[in-house]
Amino acid sequence: MLSDCAFRVQLVLPEQRVLFDYWHEIADGRAIPARADFDPLKLPHLLPHLAVIDLRDGFDRGHFRLAGTRLRDIYGREITGLRLAEVFTGRWAAPWHTIYSRIATDSVCAQGVVRGPTDGRDHVVLSWLRLPLSDDGVRVDRILCHDVRAAESDAEAASVFTASYTGLQVPAAAGA
C-alpha cells in the first residue's frame with residue numbers, strides 16, 4: 001500500500017507536489033476536500049493545466065466542467081463540457097475508465113505518465129495527476145486534474161500507460 005507520503009514521492013513534477021500538498025492542506029484532516037475548499041487563485045500558475053471533472057450526475061454522465069487552456073494542446077481540442085466517453089475513446093477508453101472509476105469508488109488519488117493520452121495524440125507525452133473532491137466528505141463528486149505535456153525525454157517511460165494510486169499500486173493497463 002502506498003501512503004500519502006510514498007505517493008507524493010512518486011510525483012515527477014514540482015507543480016504536482018505543490019498541488020498535492022495544497023489538496024492535502026485544504027482537506028484539513030478530512031479524507032477528501034470539497035470543491036468549495038479549493039481556491040484556484042491560490043495556484044494561478046497551475047490554472048492553465050487544471051481541469052475539473054464533474055461526477056454529480058453519475059459516473060456515466062461525468063464531464064469536464066472546466067479545462068485550462070494548456071489542455072487544448074494536450075488533447076487536440078477544447079474539452080470543457082465534453083463527457084469522459086467523448087474525450088477518451090478507442091484504445092484509451094478502458095484505461096481512463098478504470099482510473100476514473102477507481103478514484104470515484106475508492107476515493108484515491110492517482111498519477112502517472114502516458115504517451116498519447118487520447119486517440120490521434122501519440123506524439124504527446126502526458127504527466128497527469130488526479131485528486132478526488134467530495135462535497136459531503138464521502139462520495140467523490142468531482143475530480144481535480146493536473147495535466148502537463150512532458151518532455152520528449154520522458155517518452156520511453158511513457159511507452160505504456162502507467163498509473164499509481166494512494167493506497168495501492170496498480171499495474172499498467174493491459175494492451176495500452
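All of these numbers come straight from a predicted model, not from anything done at the bench. Only this structure's heavy atoms are used, side chains among them; waters, hydrogens and symmetry mates stay out.
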Closest non-hydrogen atom pair, Trp92 against Pro117: CG-O, 3.6 Å
Evaluate the side-chain proximity of Arg130 to Tyr100: yes if any heavy-atom separation is below 4.5 Å, no if none is. yes
Quick check: do Leu19 and Leu43 have side-chain heavy atoms less than 4.5 Å from each other? yes
State, yes or no, whether a side-chain contact exists between His49 and Trp128 at a heavy-atom distance under 4.5 Å. no
Applying side-chain contact (heavy atoms from CB on, under 4.5 Å), run through Arg102 and Val108 and close with a yes or a no. CA-CA 7 Å; Arg102 187 57 165 270; Val108 294; 4.0 Å; yes
Sub-4.5 Å side-chain heavy-atom contact between Leu82 and Ile79: yes
Hey, what do you get for SG (Cys145) to CD1 (Ile103), rounding to the nearest 0.5 Å? 7.5 Å
Rounded distance (nearest 0.5 Å) linking atom OG1 of Thr89 with atom CH2 of Trp96: 13.0 Å
To the nearest 0.5 Å, what is the distance between CD on Glu15 and OG on Ser127? 10.0 Å
Are the side chains of Arg65 and His63 in contact, using a 4.5 Å heavy-atom criterion? yes
Can you check whether Pro132 reaches Trp23 side chain to side chain, under 4.5 Å on heavy atoms? yes
In terms of heavy-atom contacts, Leu129 and Leu11 come closest through CD1-CD2, 3.8 Å
Show, in sequence, the C-alpha distance, side-chain angles and deciding distance for Glu25 and Lys42, and conclude whether the side-chain contact (heavy atoms from CB on, under 4.5 Å) test is met. CA-CA 12 Å; Glu25 176 187 320; Lys42 299 267 183 184; over 6 Å; no
Answer yes if the ring centres of His24 and Phe7 are under 6.0 angstrom apart, and no otherwise. no
So, Arg121 side chain and Ile74 main chain: donor-acceptor pair closer than 3.5 Å or not? yes
Evaluation steps, side-chain contact (heavy atoms from CB on, under 4.5 Å), between Val12 and Val113: CA-CA 9 Å; Val12 177; Val113 62; over 6 Å; no
Does Ala67 offer a backbone N or O that forms a donor-acceptor pair with the side chain of Thr80 under 3.5 Å? yes
Min side-chain heavy-atom separation Val87-Phe64 under 4.5 Å: yes
Non-hydrogen side-chain atoms of Asp119 and Phe88 separated by less than 4.5 Å: no
Test: Asp135 and Arg56 ion pair at under 4.0 Å: no
Using atom types as modelled, flag every donor-acceptor pair under 3.5 Å from a side chain in residues 28-40 to any protein atom, sequence neighbours excluded.
{"from": "Arg30", "atom 1": "NE", "to": "Ala27", "atom 2": "O", "distance (Å)": "2.9"}
{"from": "Arg30", "atom 1": "NH1", "to": "Asp37", "atom 2": "OD2", "distance (Å)": "3.1"}
{"from": "Arg30", "atom 1": "NH2", "to": "Ile26", "atom 2": "O", "distance (Å)": "2.9"}
{"from": "Arg30", "atom 1": "NH2", "to": "Ala27", "atom 2": "O", "distance (Å)": "3.4"}
{"from": "Arg30", "atom 1": "NH2", "to": "Asp37", "atom 2": "OD2", "distance (Å)": "2.6"}
{"from": "Arg35", "atom 1": "NH1", "to": "Phe38", "atom 2": "O", "distance (Å)": "2.9"}
{"from": "Asp37", "atom 1": "OD2", "to": "Ala34", "atom 2": "N", "distance (Å)": "2.8"}
{"from": "Asp39", "atom 1": "OD1", "to": "Leu41", "atom 2": "N", "distance (Å)": "3.0"}

Can you tell me how far apart CZ (Arg142) and CD1 (Ile53) are? Round to the nearest 0.5 Å. 12.5 Å
Check: Asp136 side chain, Arg139 main-chain N or O, donor-acceptor pair, under 3.5 Å: yes
Between Arg83 and Asp54, does any NZ, NE, NH1 or NH2 come within less than 4.0 Å of an OD or OE carboxylate oxygen? no
Ring-plane angle category for Phe59 and His97, please: parallel below 30°, perpendicular beyond 60°, tilted otherwise. perpendicular
Which value, rounded to the nearest 0.5 Å, describes the distance between Asp106 atom CG and Ser101 atom OG? 8.0 Å
Once rounded to the nearest 0.5 Å, what's the spacing between atom CD1 of Ile143 and atom CG of Leu131? 9.5 Å
Does either side chain, that of Gln16 or that of Gln111, offer a donor lying less than 3.5 Å from an acceptor on the other one? no
